[in-house]
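In what follows, every heavy atom counts, from backbone to side chain, and hydrogens, waters and symmetry copies are set aside.
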Amino acid sequence: MTENERKRERAVLAGLSAAVMRPEDRATEESLEELAALLDTAGGDTVAMAIQNRSAPDPRSFIGDGKVRELKEIIAAQDCNLAVFDNELSPSQHRVLSEELGVKVLDRSGLILDIFAQRAATREGQLQVELAQYKYLLPRLTGMWGHLVRQTASGGAAPIGTRGPGETQLESDRRHIRRRIQRLEEELEQVRRVRDTQRRRRLKNALPVVALVGYTNAGKSTLLNKLTGADIPARNRLFDTLDTTTRRLRLDEAQEVLLSDTVGFIRKLPHHLVEAFKATLEELCYADVLLHVIDISSPDWQEQARVVDALISELGASQTPCLRIFNKCDAFEGELPRERDAVYMSARTGEGQEELLHALTELLGKGKHRVRLRIPYDKGNLLELLHREAAVLSTEYAEDGIVVETVVKPELWGRVREYREEQE
């Protein structure tokens with residue numbers, strides 16, 4: 001049964017805005033709209049939304065008994081079979097709400113995990129999603145399993161929030177799940193080691209790495225396609241790209257880079273999901289440059305950019321040079337924000353592409369020296385060094401030495417500067 005043929009679930013969305021919460025954790029109209037988009041991606045329809053304002057979360061039911069009764073009435077009137085909360089619920093609150101509302105309950109983390117379970121295409125992506133789901137489900141196992149049995153007793157497709165590991169694993173005891181978590185972590189550690197080997201090989205070949213980062217649906221895949229001629233699917237839905245894609249990009253005759261697309265970020269991204277995807281996301285820490293793609297056509301672009309900047313910092317990549325790209329300028333009306341060293345473009349039409357390539361070349365070339373060297377034959381080891389650690393453009397063999405045109409990094413400049421043939 002395809003995603004379109006499967007009966008779409010009907011859901012009520014709810015969120016809490018409490019004074020004691022951090023501003024970024026509170027539910028807002030914008031975050032509920034985003035939650036509705038996430039639900040649509042997962043295969044569900046939003047029939048109603050509700051925001052509860054309280055001084056603090058209710059320890060038992062999170063939103064308070066009165067709001068629970070209101071949601072129960074909406075669920076009955078609208079024939080809903082799912083309730084999705086914009087905030088993270090504790091295991092006990094999750095259990096209480098499931099019992100009180102009589103339908104399956106998900107919080108934002110559970111919904112995102114379900115989408116990731118659908119989207120993971122590679123073995124690595126599937127391992128990462130499975131690990132994150134088990135860590136999410138383990139403390140909720142007792143309260144969730146009975147409800148899952150009721151949901152699937154009549155057969156048919158698994159409802160939203162139950163894909164991924166599946167019912168048989170959820171039925172297993174905690175010890176079995178902890179063992180599975182340990183095995184997944186070991187497999188992902190092996191993935192990390194393989195990536196590290198690949199990374200060292202790239203460094204040896206002197207290929208700079210440029211990583212595309214940004215809020216989900218900001219246009220990273222479209223930009224990768226436009227720059228490299230790749231054919232990565234780029235559809236207008238959240239988390240369309242989950243597995244990292246890398247392509248070669250030639251900037252000019254002297255510079256080629258590896259351009260990597262990464263999973264999109266989103267507000268309130270589950271911490272265990274960030275942890276599980278570190279094998280992929282740690283690419284950001286080793287990149288030479290980050291391209292932060294911002295959807296300028298979104299009315300919420302400033303908050304989205306803040307979320308991405310915070311996650312870059314959490315991943316330990318805040319010191320990596322970062323170029324901000326204001327994308328979808330063709331869909332923006334009004335005065336563009338003016339930021340120094342930013343690029344304004346449309347990845348869809350290609351407008352601003354040359355400016356991006358120029359800015360990227362400038363950023364990567366800071367401190368580099370393009371020179372012509374004449375290396376004595378008894379210093380042949382320097383030629384090997386240049387081929388290993390620099391970009392050699394041409395080599396000629398003359399009577400008094402080897403003439404090399406090359407682009408040299410700052411750390412090598414001191415070792416070869418005495419052999420330069422002419423001033424830059």
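- The side-chain heavy atoms of K226 and R348, taken from C-beta on, include no pair separated by under 4.5 Å.
- Applying the side chain to side chain contact (heavy atoms under 4.5 Å, CB included) rule to A19 yields no partners; only residues at least two apart in sequence or on another chain are considered.
- Side chains of I294 and Y215 form no contact here, defined as non-hydrogen atoms less than 4.5 Å apart.
- The aromatic rings of Y377 and Y397 sit parallel to each other, their planes meeting at less than 30°, with 60° as the upper class boundary.
- Residue C322 holds its SG atom at 5.0 Å from CG of L290, rounded to the nearest 0.5 Å.
- At a threshold of 4.5 Å between non-hydrogen side-chain atoms, the residues I181 and L131 count as touching.
- Checking Q93 against S90 by side-chain atom types alone, a donor-acceptor pair falls below 3.5 Å.
- For E303, the side chain to side chain contact (heavy atoms under 4.5 Å, CB included) partners two or more places apart in sequence, or in a different chain, are R267, D300, R306, V307.
- Looking only at side-chain heavy atoms (C-beta outward), V293 and V213 stay at 4.5 Å or farther from each other.
- Remark: S17 engages no residue in a side chain to side chain donor-acceptor pair (under 3.5 Å) (not counting sequence neighbours).
- Side-chain contact between L39 and L82 is present, with at least one heavy-atom pair separated by less than 4.5 Å.
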Would you tabulate the side-chain donor-acceptor contacts of residues 42-53 under 3.5 Å, counting partners in other chains and residues two or more places apart, or write 'none'?
{"from": "D45", "atom 1": "OD1", "to": "R8", "atom 2": "NE", "distance (Å)": "2.9"}
{"from": "D45", "atom 1": "OD1", "to": "R8", "atom 2": "NH2", "distance (Å)": "3.2"}
{"from": "D45", "atom 1": "OD2", "to": "R8", "atom 2": "NE", "distance (Å)": "3.4"}
{"from": "Q52", "atom 1": "NE2", "to": "I63", "atom 2": "O", "distance (Å)": "2.9"}

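- Between E24 and K268 there is no salt bridge, since no side-chain N of the basic residue sits under 4.0 Å from a carboxylate O of the acidic one.
- Put simply, the side chain of V84 does not reach to within 4.5 Å of the side chain of D107, judged on heavy atoms.
- Residue pairs meeting the ring pair (Phe, Tyr, Trp, His ring centres under 6.0 Å) criterion with at least one partner in residues 289-308, sequence neighbours excluded, are W301-F326.
- Screening L356, N327, L360 against V343 for a side chain to side chain contact (heavy atoms under 4.5 Å, CB included) leaves a single residue, L356.
- Between the side chains of S221 and D261, at least one donor N or O lies within less than 3.5 Å of an accepting N or O.
- Salt bridge E34/R108: present, at least one basic N to carboxylate O contact under 4.0 Å.
- Two residues are said to be in side-chain contact when any heavy atoms from C-beta on lie closer than 4.5 Å; P57 and V20 meet this criterion.
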List the atom pairs, donor and acceptor, that lie under 3.5 Å between side-chain atoms in residues 184-191 and the rest of the protein, sequence neighbours left out.
{"from": "E185", "atom 1": "OE2", "to": "K135", "atom 2": "NZ", "distance (Å)": "3.0"}
{"from": "E189", "atom 1": "OE1", "to": "R192", "atom 2": "NH1", "distance (Å)": "3.4"}
{"from": "Q190", "atom 1": "OE1", "to": "R193", "atom 2": "NE", "distance (Å)": "3.3"}
{"from": "Q190", "atom 1": "OE1", "to": "R193", "atom 2": "NH2", "distance (Å)": "2.7"}

